Number of protein chains: 2
Amino acid sequence: MLRLSTKGQYGVRAMFEIARSISRGPTTIKEISERQDVSVAYLEQILNTLRKAGLISSVRGPGGGYVLSGTPDKISIGAILRELEGPVAITSCLDPREGCLRVDGCVTHLLWKALGENIESFLDDMTLKDLLEGNELMATRRRGRRQPEKIRMLHK
Amino acid sequence: MLRLSTKGQYGVRAMFEIARSISRGPTTIKEISERQDVSVAYLEQILNTLRKAGLISSVRGPGGGYVLSGTPDKISIGAILRELEGPVAITSCLDPREGCLRVDGCVTHLLWKALGENIESFLDDMTLKDLLEGNELMATRRRGRRQPEKIRMLHK
DNA sequence: TAATACTTGACAGAATTACTCAGCTATTAT
DNA sequence: ATAATAGCTGAGTAATTCTGTCAAGTATTA
């Protein structure tokens, strides 16, 4: 239950890949495709959505590719997923694009609302920076580095 | 994103309806259907699943219907949803029925795992009793009753 | 001007969802 | 007994969503 679509998952992984390569300049779709094992054609669709949303910008021509629009700590996982999959909406009642016919008297409405807010704050708190640090941590864990709170959560 | 299927939603509402009518004995599918506005045929399918899971039991023949297998405070929303929609599994990688080919080195694996655990503990903490109290509260709110913590969460 | 790389819209097969339908079995009241 | 009530079960299907592919562009640089 409550599965994320592949589009959202690939989107986060693509953003991670762009973030990871910041020092090397723009990252091409081809590179992302190879490193994250997602087809070029599908990534085109996904990255286009994220570009239109302003999360990344593109550089055309040779040497081109995609770059983050902000620093990794300013780009949340929630923001990425919202663009690719729409807002968190456990039920259609709670989707601002649809709306509810029977909000009053619906016993479960508040339950789903509370769950949705819980999920949303989790996703909005987590950023690309956290993913980068979590990744670095996985590689260097044995050297006993200090683990900040949020990263610890990722390793519970 | 992360929408619950109608099956799960209807299931929770049906269970709520059975819980609400405890004092009046077994609740028939027809009653649930009328009060929650879900077709009899679909409810048969849903309640059958919940019965096989042991969350409710059925009484056949005239005067029959469904009754909860335990007290409302022992039946969690998580338990209901798991039966109708399978385990919380943000990605197929995290579904115990499928499994992951590339757990190691997958940067997002821990992220989805942490989110899934967050959701699961929310759903397992919330019970039918909480829904009943939340409902009662909605009806009597203006009289200024004391609100326990979890119920307050439902009204944030 | 050739090569690189992003851009855009249409489309299609597969999977899942959200149900319906028909016919059955068990229990109780008369 | 038997009629009425009420749950039991499996099959089937229309609609929707998901997960992509494909073709034909446009922009930039060496």
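Side chains included, hydrogens not; waters and symmetry mates left out as well; all remaining heavy atoms used. These numbers come from a predicted model, not from an experiment. Protein chains get the first letters and strands the later ones, always in sequence-line order, with residue 1 at the start of each.
No single ILVMFWY cluster, assembled from side-chain heavy atoms under 4.5 Å apart, contains both A:Met15 and A:Val67.
The outermost nucleotides of DNA chain C lying under 4.0 Å from heavy atoms of chain B, listed 5' to 3', are C:dA18 to C:dT28.
With sequence neighbours left out, the side chain to side chain contact (heavy atoms under 4.5 Å, CB included) criterion links A:Ser39 to A:Ala41, A:Tyr42. Qualifying salt bridge (Lys or Arg N to Asp or Glu O under 4.0 Å) partners for A:Glu83, counting only residues two or more places apart in sequence or in other chains: none. Among residues two or more places apart in sequence or in another chain, the side chain to side chain contact (heavy atoms under 4.5 Å, CB included) test is passed with A:Pro87 by A:Asp95, A:Pro96, A:Arg97. Checked against salt bridge (Lys or Arg N to Asp or Glu O under 4.0 Å), B:Glu17 has the following partners two or more places apart in sequence or in another chain: B:Arg20, B:Arg35. Under the salt bridge (Lys or Arg N to Asp or Glu O under 4.0 Å) criterion, B:Asp73 pairs with no residue at all, not counting sequence neighbours. B:Phe122 meets the ring-ring contact (aromatic ring centres under 6.0 Å, His included) test with no other residue; sequence neighbours excluded.
Of the two residues near DNA chain C, A:Gly61 and B:Ala41, the one whose nearest nucleotide lies more 5' is A:Gly61. Each of A:Val59 and A:Ser39 has a nearest nucleotide on DNA chain D; the 5'-most of these lies closest to A:Ser39.
Rounded to a whole Å, the OH atom of B:Tyr42 is 16 Å from the C1' atom of D:dT9. The CZ atom of B:Arg60 sits 10 Å away from the C1' atom of D:dT9 (whole-angstrom rounding). Here D:dT28 presents its P atom at 14 Å from OH of A:Tyr66, a figure rounded to the nearest Å. Remark: C1' of D:dC18 and CG of A:Leu2 are 17 Å apart, rounded to the nearest angstrom. In this structure, A:Asp37 places its CG atom 16 Å from P of D:dT19, rounding to the nearest Å.
Between A:Glu120 and A:Arg82, the shortest heavy-atom distance links the atoms OE2-NH1, 2.9 Å.
For DNA chain D, the neighbouring residues in residues 43-56 of chain A, judged by any heavy atom under 4.0 Å, are A:Gln45.
Residue A:Thr6 has a polar side-chain atom (N or O) positioned under 4.0 Å from OP1 or OP2 of D:dT19. Put simply, A:Tyr10 has no side-chain N or O that comes within less than 4.0 Å of OP1 or OP2 on D:dC18. For the OP1/OP2 pair of D:dT17 and a distance below 4.0 Å, the side-chain nitrogens and oxygens of A:Ser5 include no atom meeting the criterion.
Every pair tested for salt bridge (Lys or Arg N to Asp or Glu O under 4.0 Å) that includes a residue from residues 38-53 of chain B fails, sequence neighbours excluded, so the list is empty.
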